[in-house]
There are 2 protein chains.
Amino acid sequence: MVNENEINEFMPLREVVFLTLRKSILRGELLPGERLMEISLANKLGVSRTPIREAIRMLEHEGLVVMKPRRGAQVAKITTQELNDVLEVRKSLETLAILKACERMTEEDIAAMRQAERRFESFVADKDSDLTELAEADVAFHDTIYQGTKNRRLIQILANLREQMYRFRIEYLKDADMRSSLVTEHKAIIEAVCSRDSDKAVRYITEHIDNQQRVINASIEAASED
Amino acid sequence: MVNENEINEFMPLREVVFLTLRKSILRGELLPGERLMEISLANKLGVSRTPIREAIRMLEHEGLVVMKPRRGAQVAKITTQELNDVLEVRKSLETLAILKACERMTEEDIAAMRQAERRFESFVADKDSDLTELAEADVAFHDTIYQGTKNRRLIQILANLREQMYRFRIEYLKDADMRSSLVTEHKAIIEAVCSRDSDKAVRYITEHIDNQQRVINASIEAASED
DNA sequence: CCAAATATTACTGTATACAAAATATTGAGA
DNA sequence: TCTCAATATTTTGTATACAGTAATATTTGG
């Protein structure tokens, strides 16, 4: 939709601001509830209020910020309820995605998926790789599946739902055991897709998401005890 | 998300402009490919360019307009491919919705659903009722199911997907036979939900969407022959 | 009369200015 | 010292101004 992510010099400032603010929110640099004040943001980023406001409109529509009437924007708070709502939808759409991927992935698509998995695996093997790299490699792997569905709308919605959970994805990547079991799960998914075995693929992806859900809920429980 | 739809006088102009433009696009008054020029829109709506631009940012993020670099916004074109992409996702999420509705709808929710259906039925019976009323009553019926899921994210995404197809929904309501079969389908869905029979409910809702898909694709075929 | 070069126009992208509203602050009186 | 009102400050919402670029019209040479 908006996002092709190549920051070239012809990209409008609003896009740059949008990407910058979104990254800050998803990485937790801007905390939930924090106010986004236009003038200070404008000063910090060295632009005027106009592109700041337009970026906020985009973030608002994506659900990452909420507008308080006459009080401006603040970073959206995520409740356990909302997170589980997202996961419920996501599980359904991930299932649809893997089904369609089984039907529609070409040999090249499958090669790209294997390639992405190998990359993720190498980051897991490397003890020095940081969480951001790891998370990106995981995203890239799942993206190859999404792309395999050939359904642009599905790709877009899934990418969006994933972003809503970025902060929590980081959590479950901290655990080394979790990482290696992710590799196992990825490989099972790949094999199922390769043999076009949609029943198996659905089973594995469901398990994959369920595992994530468990870890995320546990980490929220832990966090709410602070 | 953005949309609580009560146009009160404290609503920012950007919201009013956003809702106005969206309605125009969905009702086909602004045609696909048509350019949205800021100054003329500003003059027409009696506001300055600022709220127009912010509304365009929201529409852009919703996918209803696309930005051509340095050429501004134009109404997004919908291809058959895109429409079928939307329908594929929608079928999956409608299925999820009816499942969760079976689990979670309260007696009041079910009463509201029956009520909405009766209203739709009376519009169908009335030969004078216009298509817009009919479409709204149909929307209201399905909304009661969405609300029954208690999943705000799901409600929001389904509402959004439905909007993408507004133009085509009108098509299949033109046929009187179609309308009465809609009533039958609605009733079947209600009974399944009432008895918490999720298998049956899923079967009926799938059929419901499949019927829509058939009619819409037929109407697009017909239209593309112009 | 046609084509290329140039001038003009129109529109976007960005910055800034101004008004109204909300919030914070100050000060007077009890 | 506390409370409440008046004032100041901050911040949003909207309008407008200005610059740069792409599209279009115009002119000029062949």
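Letters go in sequence order (proteins before strands), and every chain restarts at 1.
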Inset, instruction - Scan A:Arg53 against the nucleic acid and name what it touches under 4.0 Å (heavy atoms): base, sugar-phosphate only, or nothing. - result: base

Legend entry - Given DNA chain D, 5'-ward residue of the pair B:Thr50 and B:Arg35, judged by closest heavy atom: B:Thr50

Legend entry - Rounded interatomic separation in angstrom, taking CG from B:Leu41 and C1' from C:dT12: 13 Å

Legend entry - Selected nucleotide, minimal atom distance to B:Arg49 side chain, candidates D:dT14, D:dC18, C:dT16: D:dC18

Inset, instruction - Could you check how far CE of A:Met37 sits from P of C:dA21, rounded to whole Å? - result: 21 Å

Legend entry - Salt-bridge present (A:Glu29, A:Lys23; N to O < 4.0 Å): no

Inset, instruction - State which of D:dT12, D:dT14, C:dG13 makes the closest approach to the side chain of B:Glu38. - result: C:dG13

Inset, instruction - On DNA chain C, check which nucleotide each of A:Ser48 and A:Arg71 is closest to and give me the residue with the more 5' one. - result: A:Ser48

Legend entry - Ion pair A:Glu88/B:Arg104, N-O distance below 4.0 Å: yes

Legend entry - Atom-to-atom span, CE of A:Met67 to P of D:dT11 - whole angstrom: 14 Å

Legend entry - No-hydrogen, no-angle side-chain donor-acceptor test under 3.5 Å, A:Ser40 and A:Asn43: no

Inset, instruction - Mind calculating the distance between CD (A:Glu54) and C1' (C:dA15) to the nearest angstrom? - result: 12 Å

Inset, instruction - May I ask you to verify if any side-chain N or O of B:Arg14 is less than 4.0 angstrom from the OP1 or OP2 atom of D:dG13? - result: yes

Legend entry - For atom CG of A:Leu13 and atom C1' of C:dT12, their distance in whole Å: 13 Å

Inset, instruction - Assess the side chains of A:Gln147 and A:Asp143: does a donor N or O sit below 3.5 Å from an acceptor N or O? - result: no

Legend entry - NZ/NE/NH1/NH2 to OD/OE distance under 4.0 Å, B:Lys150 and A:Asp85: no

Inset, instruction - Please work out if A:Leu36 contacts a base, only the sugar-phosphate, or nothing of the nucleic acid, heavy-atom cut-off 4.0 Å. - result: sugar-phosphate

Legend entry - Rounded interatomic separation in angstrom, taking CD from B:Glu15 and P from D:dT12: 16 Å

Legend entry - Length of the NZ-C1' vector between A:Lys68 and C:dT23, whole Å: 15 Å

Legend entry - d(CD1, B:Ile39; P, D:dA17) in whole Å: 12 Å

